[in-house]
Each structure stands twice: as structure tokens, then as C-alpha cells.
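Beneath this line is the structure, given in C-alpha cells, with notes to follow.
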Amino acid sequence: MGYHLAGFEVMGVDIAPRPSYPFSFVRADAIEYVTEHGAGFDFIHASWPCQHDNALALGTNAHLRETYPDLIAAGRAAMLTTGRPWVIENSMTAPMRRDVVLCGTQFGLPIFRHRAFEVHGWFPMGLPHSPHRGRVRGWRHGAWHDGEFVAAYGKGGGKASVPEMRAALGIDWTADHKELTEAIPPAYTRFLGEQAIAQLDTAEVAA
């Protein structure tokens, strides 16, 4: 949605069905698809699954780590064959460069969701990120805390409800709990997409 708001015509690819996806959609293996068709696009964004490298898989759920797909290296290699500009988005603990780091607080959203972005073929600017101030609502170590931020992951313990997650993320096209817990706010990709589309337009003029 962020790329759409920035001015791109968007098409999504996923190996799983996504009936709520608001744009044109192809159900396919994303690495195979980008290898075969990526060169035909102006810009490629990849959010490879993050469970293999997120904080839980490196700590509490380390025993499950190898059950999760590890696609970042193979996905990057596939995108490099396209000759197109691209971005990889993933968790802060993923094995990738952190060319840009974004958080909900930078966009006035009541959510801490830090995401790293590795870019290729273009040069985005980041945003200043002030230290977090305030609490996330919910139970912590047996004590309840009120707060202006919500936890948009998991269930119970004061975690955000689906309506609260939709509002906090700025997402109104799905009410699927799992999709919301894995989503990034469209504000992130709009911020990056506006920079990318300006650079693509400049390149076309120069050519």
C-alpha cells in the first residue's frame, strides 16, 4: 500500500494465498518468480520470511529455528540477477545490511516495530529516530502497565486487538491476525517509495 501511495503500480507475489491483498497478485514461489520475471519490473521489494532470524528464533524459540525458511541470501541472489533496483525488508537481527532502519514512532504511530532495509541500485535517506519515551500497554513481569503504545503481536497479556492493530499499523484491508502481526506499516514503504520513484524518474530524464 505504501508503494501504491507513493505512485507505483503494485503487484504482489507470495507462495501462500492472500485473498485480502488489495492489488494484483500472483501466487508463486517468489524467488523463482523474481528470477524469471524480475527484470521486467521497475522496482522490486522483498519481505522474505523473518522467523528464522528474529529475536525469538535466536533466543526463546531457538529449538525451532531450523524449521523456518531461510530465504534472504537466495532471495538477494535472485534479485541481483534482474539488474533492477530493489529493497529487502526484514527484522533487525537478519543477516543483511541495515541501510535504513524505520520505526513506527518516526511516523507518529503508536507502535514500536523496528525494521531494517537493505537497498541496491538507489540511495534512500533515513529518518532521525529519537529514544523511545512511554510504555507499551500490557502485562510485564506480573504487573499491568498502561501505555500509549500497543503490542501488535501475539495474543493475551494486553496485546493489541485486531482493530487496535489495524489502527496502529495504518492497515484497513485485512482483519487477519497473523497477517497483521507480520505486516509493516505502509508509512514505511511510502517513505521509501517516494524516494525511489523520484530517483527512477530522474534516471529516465537523464537517459
Side-chain angles (χ1 to χ4, degrees), residues 1-54 57 65-66 68-103 113-127 169-171 173-174 179 182-207:
M1 180 60 73
Y3 288 117
H4 164 74
L5 295 173
F8 283 97
E9 181 180 347
V10 177
M11 191 194 80
V13 181
D14 200 325
I15 201 166
R18 299 294 179 190
S20 299
Y21 192 73
F23 305 106
S24 61
F25 178 79
V26 173
R27 186 177 179 186
D29 180 290
I31 292 178
E32 293 178 2
Y33 193 89
V34 77
T35 300
E36 296 173 8
H37 305 287
F41 290 82
D42 293 317
F43 187 80
I44 303 168
H45 172 104
S47 290
W48 306 115
C50 67
Q51 290 87 348
H52 183 271
D53 296 297
N54 68 17
R65 190 179 184 211
E66 297 312 315
Y68 301 128
D70 180 12
L71 305 181
I72 291 179
R76 180 191 293 112
M79 291 191 292
L80 284 170
T81 69
T82 67
R84 309 306 302 162
W86 50 255
V87 57
I88 296 173
E89 171 272 324
N90 217 276
S91 69
M92 292 294 291
T93 51
M96 53 183 275
R97 295 194 316 271
R98 291 184 274 283
D99 296 321
V100 175
V101 173
L102 297 176
C103 173
R113 184 157 289 184
H114 299 90
R115 304 304 284 182
F117 298 85
E118 177 181 321
V119 305
H120 174 81
W122 62 296
F123 304 95
M125 299 293 290
L127 280 175
L169 293 164
I171 290 176
W173 60 89
T174 182
E179 290 184 352
E182 295 182 349
I184 62 170
Y188 296 11
T189 46
R190 182 174 187 175
F191 171 74
L192 294 174
E194 288 174 346
Q195 296 184 68
I197 208 164
Q199 291 185 35
L200 290 171
D201 288 345
T202 300
E204 289 181 3
V205 169

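Model, not experiment: these values are computed from the prediction.
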Beyond-backbone contact of Ser91 with Arg115, side-chain heavy atoms, under 4.5 angstrom:
yes

Contact check, side chains of Val87 and Tyr3, non-hydrogen atoms, under 4.5 Å:
yes

Closest non-hydrogen atom pair, Ser24 against Met11
OG-CG, 3.2 Å

Using the side chain to side chain contact (heavy atoms under 4.5 Å, CB included) criterion, which residues pair with Ala74? Sequence neighbours excluded.
Ile31

With sequence neighbours excluded, tell me which residues meet salt bridge (Lys or Arg N to Asp or Glu O under 4.0 Å) with Arg27.
none

Any idea how Tyr188 and Phe117 line up, ring-wise: parallel (<30°), tilted (30 to 60°), or perpendicular (>60°)?
perpendicular

Measure across Ala30 and Trp48 and return the closest heavy-atom pair with its distance rounded to 0.1 Å.
CB-CZ3, 3.7 Å

Can you list everything that forms a side chain to side chain contact (heavy atoms under 4.5 Å, CB included) with Ser20? Sequence neighbours excluded, please.
Thr174, Glu179

Quick one: side chain to side chain contact (heavy atoms under 4.5 Å, CB included) partners of Val101, sequence neighbours excluded?
Met92, Arg98

Suppose we screen for ring pair (Phe, Tyr, Trp, His ring centres under 6.0 Å). Which residues come up paired with Phe41, at least two apart in sequence or across chains?
none

For the residue pair Gln195 and Phe123, establish whether any side-chain heavy-atom pair is separated by less than 4.5 Å.
no

Closest approach of Pro49 and Leu71, non-hydrogen atoms and distance?
CD-CD1, 3.7 Å

Tell me the closest heavy-atom pair linking Ile171 and Pro186, and the distance in Å.
CG1-CD, 3.8 Å

Please examine the side chains of Phe8 and Thr189, heavy atoms only from C-beta on, and report whether any two atoms are closer than 4.5 Å.
no

Within a strict 4.5 Å, meaning less than it, do heavy atoms of the Pro95 and Ile72 side chains meet?
yes

Hey, can you tell me if Tyr33 and His37 have their rings parallel, tilted or perpendicular (30° and 60° cut-offs)?
tilted

Of all residues at least two apart in sequence or in a different chain, which pass the salt bridge (Lys or Arg N to Asp or Glu O under 4.0 Å) check with Glu118?
Arg76, Arg97

Under 3.5 Å donor-acceptor, Trp122 side chain and Trp86 backbone:
yes

How close do Val34 and Ala78 get, counting heavy atoms only, and between which atoms?
CG1-CB, 3.5 Å

